[in-house]
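Keep in mind that the numbers below use all heavy atoms, side chains included, and drop hydrogens, waters and symmetry copies.
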Amino acid sequence: MLTVDFDRLAIKPGDLLLDLGCGAGRHTFEALKRGANVVPADLDRSNLPTVAAMGAAMSEADEARADALSTPVQSDALALPFADNSFDHVIVSEVLEHIPADEAAMAEIARVLKPGRTAVVTVPRFWPERICWALSKTYTSSAGGHVRIYRSPELIDRLGRAGLTFIATHHAHAFHSPYWWVKCAVGVDRDSALPARMYKRFLEWQIVNRPPLADGLERALDPFMGKSLVVYTRKAANEAEARRVA
């Protein structure tokens, strides 16, 4: 289940991509398939061995080059262990809403991105997220919970102040908004509750089988109720361009 539209990133074989907050690796694996060299990084180390194992399996199946996946890195977004201007692309999916010092994280993203290259950020969309906050205190107060809700202009402005110029935006995962409303209503930790369990089965069926009718319906609903806001940005190619867009 991809949140980022990889066609907008225009990845070329050999491009170096940072998947910051990689989680289980969904964007890492798609980038590998498209020929990128990928560095997966996450503050939570629990998924990193699985990401490494899946990358190795892709290599064995000739779905990725053997040297394309770097060793996954445990990393804090506020202090990335990478040199300035290291990456051709940075993906930061569903991360910033967890970080109190989000603008410091944005500055780090811009710092490690090469001039003229792209970074894409995804966060929960404002109004579906607002419903979740209204339905459940646990949704925000649990460990690793969400600490803020972004409106699109606010996020774009903050990214701009960090040195990342807005390119485009869209929304994704309309079917996931009702799922999280149900979970918040019955209890975010009660996955065994019948409404949440049945809706999860539907989502898993859709993700695995990709039925054209369901996929088409979700794409039609994304602009109205997509759970994720996706923002594409570009770092200025040189100081003169940076001054023009500042």
Point-to-point distance, once rounded to the nearest 0.5 Å, from CH2 of W180 to SG of C132: 7.5 Å
State whether the side chain of Y199 and the backbone N or O of L194 hold a donor-acceptor pair below 3.5 Å, judged by distance alone. no
Sub-6.0 Å ring centroid separation between F202 and Y179: no
Determine yes or no for a side-chain-to-main-chain donor-acceptor pair under 3.5 angstrom, with D76 supplying the side chain and L78 the backbone. yes
Got H171 and V230 here, is their nearest side-chain heavy-atom distance under 4.5 Å? no
Could you grab the distance from atom CG of L213 to atom CD of E218, nearest 0.5 Å is fine? 12.0 Å
Is it true that atom CZ of R151 has more than 12 heavy atoms of other residues, nucleotides or ligands lying nearer than 6.0 Å? no
Have S228 and E94 got a donor and an acceptor in their side chains that come within less than 3.5 Å? yes
Any Lys/Arg nitrogen of E108 or R111 sitting under 4.0 Å from an Asp/Glu carboxylate oxygen of the other? yes
Quick one about R26 and S93 (side-chain donor to acceptor, distance below 3.5 Å, no hydrogens or angles considered), yes or no? yes
Considering all heavy atoms of both residues, which atom of L32 and which atom of A64 are nearest to each other, and what is their separation? CB-CB, 3.9 Å
Minimum heavy-atom separation for C22 and T28, please, with both atom names. CB-OG1, 4.1 Å
Side-chain contact test, heavy atoms from C-beta onward, threshold under 4.5 Å: evaluate it for L17 versus D88 and give yes or no. no
Are V4 and M1 in one and the same hydrophobic cluster, where Ile, Leu, Val, Met, Phe, Trp and Tyr link if side-chain heavy atoms are under 4.5 Å apart? no
What's the verdict on side-chain contact (heavy atoms from CB on, under 4.5 Å) for K235 and T165, showing C-alpha distance, side-chain angles and the deciding distance? CA-CA 6 Å; K235 184 175 177 178; T165 302; over 6 Å; no
I'd like to know whether the aromatic ring centres of Y232 and H170 sit less than 6.0 Å apart in this structure. yes
Same cluster or not: F87 versus I11, using hydrophobic residues (I, L, V, M, F, W, Y) connected whenever any side-chain heavy atoms lie under 4.5 Å apart? no
Could you tell me whether R148 and D102 make a salt bridge, using a distance below 4.0 angstrom between a side-chain N and a carboxylate O? yes
Do F29 and V73 land in one hydrophobic cluster if side-chain heavy atoms of ILVMFWY residues count as linked below 4.5 Å? no
Do H89 and T118 meet the criterion of a side-chain donor-acceptor pair at a distance under 3.5 Å? yes
If you take all heavy atoms of L16 and V39, which pair is closest and at what distance? CD1-CG2, 4.1 Å
Is any side-chain heavy atom of L135 closer than 4.5 Å to a side-chain heavy atom of Y139? no
Is L18 linked to V38 within one hydrophobic cluster, defined over Ile, Leu, Val, Met, Phe, Trp and Tyr using a side-chain heavy-atom separation of less than 4.5 Å? no
Within a reach of under 6.0 Å around CZ of R190, are more than 12 heavy atoms found that belong to other residues, nucleotides or ligands? no
Report the distance from atom CD1 of I99 to atom CG of L43, rounding to the nearest 0.5 Å. 8.5 Å
Does V112 offer a backbone N or O that forms a donor-acceptor pair with the side chain of D84 under 3.5 Å? no
Any side-chain heavy-atom pair of P40 and L69 under 4.5 Å: yes
Give the cluster check for F175 versus I207: same hydrophobic cluster or not, with ILVMFWY residues linked at side-chain heavy-atom distances below 4.5 Å. no
Flag the pair L203 / Q206 as yes when at least one side-chain heavy-atom distance between them is below 4.5 Å, and no otherwise. yes
Side chains of T138 and D189 in contact at under 4.5 Å (non-hydrogen atoms): yes
Separation between CD1 of I131 and SG of C184, rounded to the nearest 0.5 Å: 10.0 Å
R65 side chain to G35 backbone, donor-acceptor under 3.5 Å: yes
Would Y150 and F126 count as a close aromatic pair, with their ring centres under 6.0 Å? no
Can you tell whether the side chains of R219 and D222 come within less than 4.0 Å, N to carboxylate O? no
Stepwise side-chain contact (heavy atoms from CB on, under 4.5 Å) test for L159 and V231: CA-CA 9 Å; L159 290 168; V231 177; 4.0 Å; yes
Would you compute the distance between atom NZ of K200 and atom CZ of R197 and round it to the nearest 0.5 angstrom? 11.0 Å
Which atoms form the tightest heavy-atom contact between A193 and V186, and what is the distance? CB-CG2, 3.9 Å
Pairwise distance OG(S86) to NZ(K114) - rounded to 0.5 angstrom: 8.0 Å
Nearest non-hydrogen partners of A162 and A110, listed with the distance: O-CB, 3.2 Å
The single option from L229, T233, T169 that satisfies side chain to side chain contact (heavy atoms under 4.5 Å, CB included) with L155 is L229
Between N47 and G23 the two heavy atoms that sit nearest each other are CB-O, 3.2 Å
Would you say Q74 and D42 are linked by a side-chain donor-acceptor pair, where the criterion is simply a distance under 3.5 Å? no
Do R125 and E129 meet the salt-bridge criterion of a basic N to acidic O distance under 4.0 Å? no
Is any NZ, NE, NH1 or NH2 atom of the basic residue among R34 and D15 found under 4.0 Å from an Asp or Glu carboxylate oxygen of the other? no
Could you check whether W181 and W127 have their ring centres less than 6.0 Å apart? yes
Check the pair D157, F166 against side-chain contact (heavy atoms from CB on, under 4.5 Å), reporting the backbone distance first and the verdict last. CA-CA 9 Å; D157 180 64; F166 172 71; over 6 Å; no
Would you call I91 and L9 a side-chain contact if the rule is heavy atoms closer than 4.5 Å? yes
Please assess V92 against V120 for the test side-chain contact (heavy atoms from CB on, under 4.5 Å), listing each intermediate value before the final yes or no. CA-CA 6 Å; V92 191; V120 55; over 6 Å; no
So, the side chain of S177 versus the backbone of P128: is there a donor-acceptor pair under 3.5 Å, distance only? no
Taking side chain as C-beta onward, heavy atoms only, is P124 less than 4.5 Å from K227? yes
